[in-house]
Amino acid sequence: MPTSLPLPAVGAVAASPVTAAGVATPHRSRPLRLVATPAATSSSSPSTSASVSGAPPSARHSRKHLAGRDGAPSKPTKPRVFFLDVNPLCFRGSQRSLSAFARWLALFFAHVSLRDPVVAVLDGERGNEYRRRLLPSYKAHRARGVGTGADSRVVDVLCECNVPVVRVHGYEADDVVATLTEQVLQKGYRVAIASPDKDFKQLISDDVQLVMPIPEIGRWSFYTLRHYVAQYKCDPTADLSLRCFMGDEADGVPGIQHLVPGFGRKTAMKLLQKHGSLENLLNTAAVRTVGKDYAQNALTKHADYLRKNYEVLSLKRDVNVQLDDRWLSARNTCNDTSVLSDFILKFNNEGRS
């Protein structure tokens with residue numbers, strides 16, 4: 001992270017089915033169960049159905065008017081919705097840990113989201129299969145899910161804290177978040193995605209920011225469009241194209257360097273800054289020279305390879321899941337203290353779940 005623009009730290013260490021396990025009512029009363037079935041998808045996409053338990057109150061999260069210097073109301077600020085990427089928070093390093101999840105969740109509620117709406121998203125069953133068919137090495141070494149027996153405990157504590165939980169069979173949480181983010185933005189809200197996953201950087205904009213858990217300092221830190229530009233010297237719209245060249249070792253997506261050793265980040269950035277996107281660059285290279293011989297040869301010879309990387313790394317925006325307007329309500333926090341205290345105490349000495 002560039003020293004010229006440090007991340008502002010927050011807090012201190014103290015579906016087939018789409019399943020939307022909804023929020024619990026105050027004092028842990030039994031949740032109401034509602035069922036909805038979205039429109040059918042084509043046979044090429046995983047089919048989905050949706051269930052929602054215990055939707056939050058109908059009161060909408062209101063917009064705030066801030067007074068300007070002359071005392072007159074300024075332009076209303078957009079309300080904010082948080083998406084909580086649950087799976088990576090259930091690990092400490094490479095080991096599954098519900099105690100780690102409990103601590104990050106407590107910090108998130110106390111210092112980050114406060115009463116703003118929060119929607120939690122989990123990876124769906126067989127969510128990796130689409131990308132694994134394209135690229136067998138994709139996340140081949142990763143542990144799957146949040147651990148045997150952990151799913152129900154994680155969902156339960158989120159529901160008791162009045163957070164709807166969404167998972168879609170056949171899709172990773174990243175794709176569900178990307179799809180729901182588009183829907184939230186269309187309703188005039190801002191989005192903050194709580195996750196350590198760098199894949200979400202391709203979504204960053206004026207109205208979409210990340211908030212990342214930083215284990216080294218035990219805090220959540222916001223990461224915005226300004227941080228991205230300062231770090232990479234380009235717009236986030238180029239992030240996905242750049243990663244197609246560089247690959248993603250953590251996800252098992254090899255970059256072009258193992259095919260063309262001299263083709264590094266500097267070359268990729270220079271070409272993308274001039275041509276804007278991977279597809280524009282490849283189309284141009286197919287009809288005329290765009291760079292030095294090694295770069296030109298790489299772009300023409302390995303165009304299909306780069307396009308496959310793009311398809312694997314690109315977040316899908318068309319998952320068959322529909323935002324429920326009730327998820328945009330201010331979150332009822334009355335259960336937080338008791339629920340999280342019990343949860344943290346239970347797993348305080350846990351090494352592995």
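One hydrophobic cluster, built from ILVMFWY side chains closer than 4.5 Å, cannot hold both Phe200 and Leu242; they sit in different ones. A single hydrophobic cluster is not seen to contain both Leu158 and Leu114; linkage of ILVMFWY side chains at heavy-atom distances under 4.5 Å, directly or through other members, places them apart. In the hydrophobic clustering of this structure, Leu282 groups with Leu259; members are Ile, Leu, Val, Met, Phe, Trp, Tyr whose side-chain heavy atoms approach within less than 4.5 Å, directly or through other members. In the hydrophobic clustering of ILVMFWY residues, with side-chain heavy atoms under 4.5 Å counting as a link, Leu240 and Leu315 come out apart. Phe343 and Leu107 end up in the same hydrophobic cluster when Ile, Leu, Val, Met, Phe, Trp and Tyr side chains are linked at under 4.5 Å.
Contacts of Phe108 classified as ring-ring contact (aromatic ring centres under 6.0 Å, His included), with partners at least two apart in sequence or in another chain: Phe82, Trp220. For the ring-ring contact (aromatic ring centres under 6.0 Å, His included) test, residues two or more places apart in sequence or in another chain that qualify with Phe263 are Phe245.
With 3.5 Å as the limit, one finds no donor-acceptor pair spanning the side chains of Gln183 and Tyr189. At a cut-off of 3.5 Å, with distance as the only test, a side-chain donor of Thr237 or Asp235 sits close to an acceptor on the other residue. For the residue pair Arg92 / Ser99, a side-chain donor-acceptor distance below 3.5 Å is found, with atom types taken as modelled. Side-chain N/O atoms of Tyr228 and Asp239 include a donor and acceptor closer than 3.5 Å.
The NZ atom of Lys198 sits 9.5 Å away from atom CG of Leu313, with the distance rounded to the nearest 0.5 Å. Considering OG of Ser329 and CZ of Arg115, their distance stands at 10.0 Å, rounded to 0.5 Å. With rounding to the nearest 0.5 Å, the separation of OH in Tyr171 from CZ in Arg131 is 10.0 Å.
The one candidate from Ile204, Leu203, Val191 that meets the side-chain contact (heavy atoms from CB on, under 4.5 Å) condition with Leu210 is Ile204.
Counting only residues at least two apart or in different chains, ring-ring contact (aromatic ring centres under 6.0 Å, His included) contacts with residues 292-316 comprise His258-Tyr305.
Checking side-chain atoms of Thr333 against main-chain N and O of Asp336 turns up no donor-acceptor pair under 3.5 Å. Using a distance-only test at 3.5 Å, with no hydrogens or angles considered, no donor-acceptor pair links the side chain of Asp116 to the main chain of Val81.
For Arg126, the CZ atom sits in a loose shell: 12 or fewer heavy atoms of surrounding residues, nucleotides or ligands are nearer than 6.0 Å.
Proximity of Val339 to Glu160: side-chain heavy atoms (C-beta onward) are separated by under 4.5 Å at one or more points.
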